[in-house]
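These values consider heavy atoms only, across backbone and side chains, with no hydrogens, waters or symmetry-generated copies. These numbers were taken from a predicted model, which means no experiment stands behind them.
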Amino acid sequence: FLSYLGIQAFLGLEFYLKPFYYLIAFVLFLNLVYTVLYLSVRHLRARPLFIYIQLLGDALSVTLLCLFTGGIVSIFTFLYHALVVLAGYVLRKRGAFVMATANSLVFGFLCVGLFYGWLDPERLGATFPYERPTADTALYSLVAHYTGFFLIATLMTVMSGRMEAQRKALGAMEKDLSTLRNLNEQIVSSLTWGVVTLEPSGLVTFSNPSALRLLGESTPTGWDFNHKLDILGLKPLEPFAPAERAEREFEVHLGNASHLEVVVSPLRSAQSPAGFLVLIRDQTEIVRLREQLALRERLLATGAMAADIA
């Protein structure tokens, strides 16, 4: 609306722009009707009927625009086809064919009205080049546009069917992925072994509750595993050779008399290093039993030696 005012003020072409004031007023009236319906009829908001009402209003607006810009030979008749595409995308098969039928009715009324003289753009102030259509021109335009409307509706039906099938398949895949993710989290969280994944730099990207408990950390990601090893007096992890497949094992002695067994394996993505997989096992009880067994063996050996001396 402001653009029209600016052009008119600059060029003084009131006779060219005057018909578009009718179009602007009609569009503003439709927006007012949509607003009243949206605010007053609440149960209509979530129903397709409200979308159909807006699409029908758009079809009437396109018809009025075509009337002021050449009638059935207007360059803006392509907007009818755009409305069919929009209806097919939003409302699927039924919406595409309903919109094609609505376009056929309003465009047919435009053709018949111009042919019989019921509609005269010059009476509304339009001064664009306009010739009253002949019977052959009106019939050709009707057949061409009707064919285009329903061909596009058929195409949108096929596309919407494929989109719906893909949407359902994607939903099933997301559901399966969510199930597998939950199962994986339950399994990893239930392990007594600590599981930690690292970037090549040693930054932790995942750690299960057992790993946090054994290492005394509180956050599952974002901390430096090599810094933790440095605090314990151990060397940082070194990258694996490209062909190296073996695991590396070492023990960690904590200050609270706890003993941990650490197993490090390479993580690879498409044969390239992606980081480390670290498995941590609490060996405190095993070390204690091993020490008790060694003490018993020493006592037995001392007793046997004493018996031999006696």
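- Cluster membership check: M159 does not share its hydrophobic cluster with L151, using side-chain heavy-atom separations under 4.5 Å among Ile, Leu, Val, Met, Phe, Trp and Tyr.
- For the pair Y80 and V106, the minimum side-chain heavy-atom distance is below 4.5 Å.
- By the criterion of side-chain heavy atoms lying less than 4.5 angstrom apart, applied directly or through intervening Ile, Leu, Val, Met, Phe, Trp or Tyr residues, V158 is not grouped with I152; the two fall into different hydrophobic clusters.
- Nearest heavy-atom pair across F26 and G57 is CE2-O, 4.4 Å.
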Run the numbers on L139 and V143 for side-chain contact (heavy atoms from CB on, under 4.5 Å), then give the verdict. CA-CA 6 Å; L139 180 61; V143 173; 4.2 Å; yes
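- More than 12 heavy atoms of other shown residues, nucleotides or ligands fall within 6.0 angstrom of atom NZ in K228.
- Counted by atom type alone, T192 and S210 present zero donor-acceptor pairs between their side chains at under 3.5 Å.
- Residues L49 and L105 do not share a hydrophobic cluster, clusters being chains of Ile/Leu/Val/Met/Phe/Trp/Tyr side chains in contact below 4.5 Å.
- The aromatic rings of F97 and F150 sit tilted relative to each other, their planes meeting at an angle between 30° and 60°.
- Here L23 contributes atom CG and S61 contributes atom OG; the two are 6.5 Å apart, rounded to the nearest 0.5 Å.
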Run the side-chain contact (heavy atoms from CB on, under 4.5 Å) check on E199 and F276 step by step: do they pass? CA-CA 6 Å; E199 294 181 353; F276 303 95; over 6 Å; no
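- Contact of the F109 side chain with the V112 side chain is not registered, since no non-hydrogen atoms from C-beta on lie closer than 4.5 Å.
- Between T179 and L183 the shortest side-chain heavy-atom distance does not fall below 4.5 Å.
- By the criterion of side-chain heavy atoms lying less than 4.5 angstrom apart, applied directly or through intervening Ile, Leu, Val, Met, Phe, Trp or Tyr residues, L142 is grouped together with I75 in one hydrophobic cluster.
- For M99 against A59, the heavy-atom pair with the smallest separation is CE-CB, 3.6 Å.
- Using a distance-only test at 3.5 Å, with no hydrogens or angles considered, a donor-acceptor pair links the side chain of T205 to the main chain of T197.
- The minimum heavy-atom distance between A100 and S104, with the atom names listed, is O-OG, 2.8 Å.
- Taking the side chain as every heavy atom from C-beta outward, F225 and L215 approach each other to under 4.5 Å.
- Residue-environment remark: CZ (F78) exceeds the threshold of 12 foreign heavy atoms within 6.0 Å.
- Of the possible polar contacts, none joining the S178 side chain to the E174 backbone as a donor-acceptor pair under 3.5 Å is found.
- To the nearest 0.5 Å, atom CG of residue N184 and atom OG of residue S189 are 8.5 Å apart.
- Residue D230 holds its CG atom at 8.5 Å from CG of N226, rounded to the nearest 0.5 Å.
- Between D58 atom CG and I53 atom CD1 the span is 12.0 Å, to the nearest 0.5 Å.
- Using a distance-only test at 3.5 Å, with no hydrogens or angles considered, no donor-acceptor pair links the side chain of D224 to the main chain of L203.
- Aromatic ring orientation, F50 versus Y38: tilted (interplanar angle from 30° to 60°).
- Note: F149 and H81 meet the aromatic proximity criterion, with ring centroids under 6.0 Å apart.
- Annotation: side chain of T77 is not in contact with side chain of I72 (no heavy-atom distance under 4.5 Å).
- Minimum heavy-atom separation, S74 to T69: OG-OG1, 2.6 Å.
- Around OH of Y140, the count of heavy atoms belonging to other residues, nucleotides or ligands within 6.0 Å does not exceed 12.
- The CG atom of N208 sits 12.5 Å away from atom CD1 of I187, with the distance rounded to the nearest 0.5 Å.
- Rounded to the nearest 0.5 angstrom, Q54 CD and L86 CG are separated by 10.0 Å.
- No side-chain heavy atom of V262 sits less than 4.5 Å from a side-chain heavy atom of L279.
- Atom CZ of R94 has 12 or fewer heavy atoms from other residues, nucleotides or ligands within 6.0 Å.
- If you check the side chains of T134 and T137, you find a donor sitting under 3.5 Å from an acceptor.
- Counting heavy atoms from C-beta on, the side chains of T221 and S207 never come closer than 4.5 Å.
- The backbone N or O of L260 sits nowhere less than 3.5 Å from a side-chain atom of D282 that would complete a donor-acceptor pair.
- Side chain of W118 to backbone of L114: no donor-acceptor contact under 3.5 angstrom is found.
- Tracing side-chain contacts under 4.5 Å through hydrophobic residues (I, L, V, M, F, W, Y), one reaches L39 starting from I51; they form part of the same cluster.
- In this structure, V62 and C66 have side chains that are in contact, with non-hydrogen atoms separated by less than 4.5 Å.
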Is there a side-chain contact (heavy atoms from CB on, under 4.5 Å) between M156 and V85? Walk through the geometry before answering. CA-CA 7 Å; M156 289 304 301; V85 173; 4.0 Å; yes
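- Screening V264, V263, L214 for a side-chain contact (heavy atoms from CB on, under 4.5 Å) involving I280 leaves a single residue, L214.
- For the side-chain contact (heavy atoms from CB on, under 4.5 Å) with L55, the qualifying choice from N103, V98, L60, L91 is L91, the only one to do so.
- Of the possible polar contacts, none joining the R92 side chain to the G161 backbone as a donor-acceptor pair under 3.5 Å is found.
- When all heavy atoms of L56 and A102 are compared, the pair lying nearest together is CD1-CB, 4.4 Å.
- Nearest heavy atoms, R132 versus Y116: NH2-C, 3.1 Å.
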